[in-house]
Structures are given as C-alpha cells and as structure tokens.
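Order of the sequence lines sets the chain letters (A, B, ...), proteins ahead of strands, with each chain counted from 1. Side chains included, hydrogens not; waters and symmetry mates left out as well; all remaining heavy atoms used.
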There are 2 protein chains.
Amino acid sequence: MSDELMTIRQMCDAFGVTPRTLRFYEARELIFPQRRGQHRLYDRRDRARLTLILRGKRFGFSLEQIRQLLELYEPGSRNETQIAATITIARERLADMERQYAELREAIADLAEQINDAETRLSDATHSKRSG
Amino acid sequence: MSDELMTIRQMCDAFGVTPRTLRFYEARELIFPQRRGQHRLYDRRDRARLTLILRGKRFGFSLEQIRQLLELYEPGSRNETQIAATITIARERLADMERQYAELREAIADLAEQINDAETRLSDATHSKRSG
DNA sequence: CCGAAAGTTGACGTTCACGTAATCGAAACG
DNA sequence: CGTTTCGATTACGTGAACGTCAACTTTCGG
C-alpha cells in the first residue's frame with residue numbers, strides 16, 4: 001500500500017480539496033511535493049502540512065499567515081534570527097487565537113440567548129394563534 | 001451630544017471602518033440608516049447591528065450569513081415560518097461556532113507547544129554557540 | 001453668500017483563493 | 001496501437017469585500 005507517497009488525486013480525495021487547490025498551495029510555497037517525472041507525489045510531511053493549512057483556514061488565517069506559521073513546524077536548518085522571527089510571529093498568532101477563543105465563548109452564549117428568545121416568540125405566536 | 005444619531009464619519013471613527021464599507025453593508029441590506037436629505041444618519045440600532053457585523057466577520061462568517069443572523073436580533077413583525085427558518089439557520093451557525101470553539105482550543109494548545117519546542121531549539125542553538 | 005468640507009452616487013480597480021477551460025504529454029487499458 | 005484517462009501548464013474568469021477615483025450636491029463656518 002502506498003502509505004508513503006500519494007498522487008494528487010489521492011490527496012484530493014483524502015482531504016476534500018481540488019487539484020487546483022494543491023497546485024495553488026504549492027505555488028504559494030505552502031507544500032513541496034516531490035516529482036516523479038512531471039507528476040507530483042505527496043508524502044507524510046506534505047499531508048501534515050496540508051492538515052495544518054486547512055485548519056488555519058478554518059480560523060480565518062490567510063495563506064501567507066499560515067505559510068509563516070508552517071515554518072515553526074519545520075525543524076529545518078535555519079539560523080537563530082529566523083527562528084526568533086518565526087517565534088515572534090507565532091506568538092502574535094497565538095494571541096489572536098486566544099482573543100478569538102474568548103470572544104467566541106461570548107458570541108456563543110449571546111447567540112444561544114437570541115435563539116432562545118426567538119423560540120419564545122415563535123412559541124407565543126403559535127399559542128396566540130391557537131387561542132385567537 | 002449626539003447620543004442618538006451619528007453621521008457616517010462619526011460611525012467610521014467609532015468603528016474603524018470606511019464610508020465605503022458602511023455603504024457597502026447598506027447595499028447588502030445589513031444596516032438601514034435613515035436619511036436627512038441625502039445624508040445618512042445612523043442610530044443605536046444601526047450601531048448595534050454594525051457591532052454584530054464586525055464580530056461575525058472576525059469569526060469568518062460571510063456578510064450573507066451575518067445578514068441572516070441579524071434577522072434573529074430583530075423582533076420585527078415576521079411570520080412564524082420566517083422566524084422558524086431563521087432559528088434553523090442560527091442553530092447551524094451556533095453549531096459551527098461550537099465546533100470552531102473546540103477546535104480552536106486544540107489549535108491553541110498545539111501552537112503553544114510548537115512555540116515551546118522552537119524556543120528550546122533556539123535556546124540550544126544559543127548555548128551551543130556559546131560553548132563552541 | 002460663498003467656498004471648503006463632508007457626503008452622495010456610479011463605476012471601475014484590487015486582493016485573495018481558488019474555478020474553469022484549453023492545450024498538451026505521459027500512461028494505462030482493451 | 002489507438003484512445004481514454006490522469007496529470008501538468010498556462011491563462012483567463014469569478015465572488016466576496018471592499019478601495020479608489022470622478023463628478024456632483026449639500027451643508028456649514030466665517
């Protein structure tokens with residue numbers, strides 16, 4: 001079984017994206033599949049990165065922000081200055097996410113309350129109809 | 001003081017948006033400022049809606065999704081079918097937000113860990129430099 | 001009363017994140 | 001051995017959410 005390398009189609013089926021999307025992410029330097037001849041082949045590392053990309057997107061990060069964060073996940077040989085810069089950026093993103101987390105909690109409570117109110121209104125309307 | 005009505009510029013300063021943005025939201029039927037002659041005037045209701053709009057945006061909702069949610073906040077005279085439909089949509093958004101909330105918690109922990117690892121690598125690199 | 005400031009309506013431009021052909025080469029299949 | 005099929009490349013198109021510019025009113029301070 002091809003546990004190691006996957007074709008673009010296998011990737012698309014596995015992650016629910018289109019070939020266009022994978023090539024686009026590659027053009028933006030978010031993933032770096034190898035080539036067999038002209039064809040792309042995606043390994044575990046590419047899959048891990050894609051998972052992170054899609055997660056980042058769900059939180060509203062831009063592809064460029066995600067690209068910067070992905071550097072953090074690469075134990076790659078980069079110099080101290082670059083690592084420090086990446087950490088700085090990551091801390092900012094983390095702060096963003098923590099703010100979003102807190103605000104989301106409020107928003108959820110708020111929306112739940114509004115739904116409750118609306119359900120009450122709906123219920124009242126139904127009853128008044130019955131008694132009218 | 002103009003506690004009740006605000007001009008477009010006052011709104012922009014208060015909310016950190018541009019006039020274009022406010023007119024755009026109006027065109028998309030997210031806010032409905034009154035007119036004094038040709039000029040727009042925004043009241044408390046408009047401000048409340050704009051607050052919700054900007055919050056929704058921070059969570060990655062589209063303006064159309066936000067518009068639908070805003071209906072929930074209007075005790076307006078709409079029929080039961082419409083209220084029920086709005087509630088259904090709102091429940092879906094609420095579910096989205098709850099999923100996002102849970103996933104965000106994981107992502108925060110994950111990112112914090114990566115930052116820690118990177119800090120360790122950075123620290124190690126600094127020490128090895130000092131002892132090399 | 002008048003000229004700058006503020007606001008209005010188009011209309012076209014822009015960025016992001018892809019979608020959608022069109023065309024091509026390689027590869028698998030009957 | 002021809003022909004689908006899969007993938008690659010190039011390039012133009014698209015929708016969302018505005019930015020920007022032009023051409024006009026409208027309004028307000030001096």
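- Side-chain polar atoms of A:Tyr25 and A:Asp46 form no donor-acceptor pair below 3.5 angstrom.
- The shortest side-chain heavy-atom distance between B:Gln65 and B:Arg93 falls under the 4.5 Å cut-off.
- C:dA5 atom P lies 16 Å from atom NE2 of B:His39, rounded to whole Å.
- For B:Arg35, the side chain to side chain contact (heavy atoms under 4.5 Å, CB included) partners at least two apart in sequence or on another chain are B:Glu26, B:Gln38, B:Arg40.
- Closest approach of A:Met11 and A:Leu22 over heavy atoms only: CB-CD1, 3.6 Å.
- A:Arg23 has no side-chain polar atom (N or O) that falls below the 4.0 Å cut-off from OP1 or OP2 of D:dT9.
- For C:dC18, the OP1/OP2 oxygens have a side-chain nitrogen or oxygen of A:Lys57 closer than 4.0 Å.
- Of all the residues in residues 59-67 of chain A, A:Ser62, A:Leu63 reach under 4.0 Å from DNA chain C with at least one non-hydrogen atom.
- Residues in residues 105-124 of chain B take part in no ring pair (Phe, Tyr, Trp, His ring centres under 6.0 Å) pair, two or more places apart or across chains.
- Note: CZ (B:Arg35) to P (C:dT8) measures 6 Å, nearest angstrom.
- Regarding contacts with the backbone of C:dC18, a side-chain N or O of A:Tyr25 is found under 4.0 angstrom from either OP1 or OP2.
- Residues B:Leu122 and A:Glu80 are in side-chain contact: their nearest non-hydrogen atoms beyond the backbone lie under 4.5 Å apart.
- Contact annotation: A:Arg40 reaches the phosphate of D:dT9 (side-chain N/O to OP1 or OP2, under 4.0 Å).
- Using five terminal pairs a side, the axes of the helix from C:dC1-D:dG30 to C:dG30-D:dC1 at its two ends make an angle of 10°, given in steps of 10 degrees.
- Considering only side-chain N and O atoms, A:Arg36 lies nowhere under 4.0 angstrom from the phosphate OP1 or OP2 of D:dA8.
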**Request:** Kindly indicate, with the supporting measurements, whether the criterion side chain to side chain donor-acceptor pair (under 3.5 Å) is fulfilled by B:Asp110 and A:Tyr73.
**Result:** CA-CA 10 Å; B:Asp110 194 289; A:Tyr73 287 75; 2.7 Å; yes
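- Regarding A:Phe24, its CZ atom lies at a distance of 16 Å from the P atom of D:dT10, rounded to whole Å.
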**Request:** Dump the intermediate steps for salt bridge (charged side-chain N to carboxylate O under 4.0 Å, His left out) on B:Arg44 and B:Glu4, then the final yes or no.
**Result:** CA-CA 6 Å; B:Arg44 189 189 326 277; B:Glu4 184 60 20; 3.2 Å; yes
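- With rounding to whole Å, A:Ile31 atom CD1 is found 14 Å from C:dC18 atom C1'.
- Between the side chain of A:Thr86 and the main chain of A:Gln82, a donor-acceptor pair closer than 3.5 Å is present.
- Qualifying side-chain hydrogen bond (donor to acceptor under 3.5 Å, both in side chains) partners for A:Thr18, counting only residues two or more places apart in sequence or in other chains: A:Thr21.
- The interatomic distance linking B:Arg9 (CZ) with D:dT27 (P) rounds to 18 Å, in whole Å.
- What separates CD of B:Gln38 from C1' of C:dT9 is a distance of 8 Å, to the nearest Å.
- Between B:Arg58 and A:Gln100, every side-chain heavy-atom pair lies at or beyond the 4.5 Å cut-off.
- A 4.5 Å side-chain heavy-atom check between B:Arg91 and A:Glu119 finds at least one atom pair inside the cut-off.
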Pick out the pairs of N or O atoms, protein on one side and nucleotides 19-21 of chain C on the other, that lie under 3.5 Å.
residue: C:dG19; atom: OP2; partner: A:Thr18; partner atom: OG1; Å: 2.7
residue: C:dG19; atom: N7; partner: A:Arg20; partner atom: NE; Å: 3.2
residue: C:dG19; atom: O6; partner: A:Arg20; partner atom: NE; Å: 3.4
residue: C:dG19; atom: O6; partner: A:Arg20; partner atom: NH2; Å: 3.2
residue: C:dT20; atom: O4; partner: A:Arg20; partner atom: NE; Å: 3.3

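- Nucleotide D:dA8 holds its P atom 12 Å from the CE atom of A:Met11, rounded to whole Å.
- Put simply, CE on A:Met6 is 11 Å from P on D:dG7, counting in whole angstrom units.
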